[in-house]
Amino acid sequence: MCGNAMVVAIQRMLVLGGALLGAASASWPVVAAPAQPALPVAGLLLLLFLLLLLALAYALKLKFDLKRALQPKPDMQGFYSLHDDISGFPNKYALQRQLDLILKSAPEQQFALILLKIEQFEQINQLLGHSNSNLILAQIAQRINDQLASESKILTFEYRQQQPVRVCHLGSVDFAIWLDIGHQPARAEFLAKQLQQSVPQPMLVHGCAIDYKLGVGIALYPDHSTELNELLERAYLALQHYQWQRGASSLFSQDMINYTTEKLALMAELRQAIDDQQLVLFVQPQMNMKSRQVLAAEVLIRWRHPKKGLLAPEAFLALAEEMGVIYPLSQWVLEQAIQTIASLTEQQLVSRIAVNISSKELLHDELVDALEVLFDKYQVNPQLLMLEVSERALLADPPRAMAMMQRLHRLGVELALDDFGTGFSSLAFLRKLPVQYVKVDCSFISELHKTEAHMAITGAIIDMARNLGLGVIAEGVEGAEVEDKLLRMGCQRGQGFWYSQPFELSGFPAWLRQWQHRHPG
């Protein structure tokens with residue numbers, strides 16, 4: 001194609017040159033031919049030479065332009081075919097390409113696929129918007145990669161500024177690491193736990209302390225599969241199992257294949273358990289730590305499963321919320337709590353009853369209407385019911401959550417912010433909430449007496465709550481030393497094993513009567 005263009009260009013220039021010469025000869029005066037015609041011939045030759053040079057230059061320019069046009073444009077298409085467009089880290093296709101090469105050269109080698117998932121990231125997304133969330137996502141990916149800088153047994157995709165890139169972004173909030181474990185499968189779990197402890201450091205964005213956790217699932221090559229897609233499925237099952245049962249192993253096992261089916265069956269049984277009266281409420285008192293007066297009691301649900309025995313809420317509540325069983329369950333708990341308040345009032349025993357409500361329950365439009373019906377049915381003062389809402393529950397849909405909290409406040413229900421200090425709330429957001437109390441999370445209280453750092457953090461949280469005009473409830477008081485420190489910090493209200501372990505709600509009136517007899521206050 002370049003040769004044809006050159007020939008056409010030269011032909012055009014020659015035609016142009018001929019036309020110029022013809023025009024020039026036509027304009028010359030007709031005179032007698034000189035005796036020596038050498039000068040005009042030399043001029044013609046010079047003109048023809050110049051025209052040829054111009055033609056050659058034009059042809060070379062055409063060739064250069066054509067070559068540049070055929071070169072791939074630097075539009076990053078090749079880069080983004082192998083990298084995630086949000087984080088910039090290698091994607092699943094890049095991982096598959098690398099594994100095809102590795103497994104051909106070392107088919108007998110043992111590897112681990114470590115799956116990492118940022119938990120509850122949708123709340124960050126709803127709170128801060130997509131652009132800020134994408135920035136946080138990219139920063140978390142970089143944090144994970146930074147923690148792997150010294151791990152030479154991890155698949156390295158490329159180098160950037162002489163730093164290895166060892167994280168694969170599978171999409172959404174999921175990341176993968178390919179680890180050479182040799183003959184030590186425990187290395188994968190050890191590395192995963194290190195990442196869970198070191199990566200989730202809080203980020204401060206627009207006045208909000210953004211906290212997050214990493215879920216983990218691990219599948220082994222070739223023990224669990226030799227195909228990447230199947231290994232990913234196994235790792236996701238292990239991750240799901242880890243999320244359902246905190247503290248469980250994050251390594252895949254064949255039992256997990258049936259685990260999902262068992263969970264679905266458990267939810268079907270839970271629906272029936274409400275009707276069959278298999279559910280039971282326990283209660284744990286909240287004290288004035290100085291006067292020992294009982295101020296309230298928090299109800300805690302248990303399930304007396306006919307085959308599995310007594311199940312703690314961790315075994316079924318999160319799954320119930322995920323699968324839509326939480327609404328009838330919460331309605332049952334609220335009615336039992338309000339019925340208990342009515343019974344205590346009849347016996348001239350005064351104590352508030354506190355009930356935890358989930359994010360889905362908080363956003364349910366019928367919550368206030370259902371409470372009004374129950375208060376009227378049992379003739380109960382709404383102020384004797386306290387609803388505890390976690391910070392995380394408020395962030396599922398902040399505008400709707402705020403509107404619902406305002407409606408509950410107008411109804412007369414007391415409101416407490418649970419797990420205070422562990423969520424994402426900014427001070428501006430907290431100031432608008434119509435809550436009367438905050439519960440300082442037990443993770444702060446239980447460590448209070450061990451280090452000065454824990455004491456300083458707890459003191460700062462308590463001061464912050466008091467400066468906002470809120471009462472403070474310390475959760476997880478387990479000894480006199482902790483109680484004494486809390487009182488000196490200005491916290492008056494506590495809950496924990498130091499006062500009472502949880503016991504059945506049906507026994508609360510008798511317990512309260514005996515307690516008041518021993519502590520007349």
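No side-chain heavy atom of W498 sits under 4.5 Å from any side-chain heavy atom of V482. With a 4.5 Å cut-off on side-chain heavy atoms, L237 and F252 count as touching.
Under the side chain to side chain contact (heavy atoms under 4.5 Å, CB included) rule, L116 has a single partner from L239, I140, V216, which is V216. Considering D276, D275, I274 in turn, D276 is the only one that fulfils the side chain to side chain contact (heavy atoms under 4.5 Å, CB included) rule with Q278.
Side-chain polar atoms of Y499 and E483 form a donor-acceptor pair below 3.5 angstrom. E414 and Q436 share no donor-acceptor pair across their side chains, judged by distance under 3.5 Å alone. Between the side chains of Q201 and D211, no donor-acceptor pair is found at a separation under 3.5 Å. If you check the side chains of N229 and E233, you find no donor sitting under 3.5 Å from an acceptor. Using modelled atom types, one finds a donor on one side chain and an acceptor on the other under 3.5 Å when comparing Q495 with E298. R493 and Y437 share a donor-acceptor pair across their side chains, judged by distance under 3.5 Å alone. Side-chain contact, Q284 with Q501: no donor N or O sits under 3.5 Å from an acceptor N or O.
Shortest non-hydrogen contact noted between G494 and V477 is CA-CG2, 4.3 Å.
In this structure a side-chain-to-backbone donor-acceptor pair under 3.5 Å is missing from N356 to V389. A donor-acceptor contact shorter than 3.5 Å is absent between the side chain of D180 and the backbone of Q109. With hydrogens and angles disregarded, no donor-acceptor distance shorter than 3.5 Å links the side chain of H409 to the backbone of M405. Side chain of S105 to main chain of I102: a donor-acceptor pair is present (N/O by atom type, distance under 3.5 Å, no hydrogens or angles).
Salt bridge annotation for D100-K104: absent, with no cationic side-chain nitrogen under 4.0 angstrom from a carboxylate oxygen. Of the charged side-chain nitrogens involved, at least one lies within less than 4.0 Å of a carboxylate oxygen, so that E475 and K439 count as a salt-bridged pair. Salt-bridge formation is detected for the pair R160/E158: a Lys NZ or Arg NE/NH1/NH2 atom is positioned less than 4.0 Å from an Asp or Glu carboxylate oxygen.
Separation of the H364 and Y327 ring centroids falls under the 6.0 Å cut-off.
Atom CZ of R97 is surrounded by 12 or fewer heavy atoms from other residues, nucleotides or ligands within 6.0 Å.
In this structure, R166 forms no cation-pi arrangement with F175, as its terminal cationic atom is not both closer than 6.0 Å to the ring centre and no more than 45° off the ring axis.
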Passes side-chain contact (heavy atoms from CB on, under 4.5 Å), L334 versus L367? Steps please.
-> CA-CA 10 Å; L334 286 170; L367 174 61; 3.9 Å; yes

Under the side-chain contact (heavy atoms from CB on, under 4.5 Å) criterion, do L300 and V283 qualify, and how do the steps go?
-> CA-CA 6 Å; L300 309 163; V283 66; over 6 Å; no

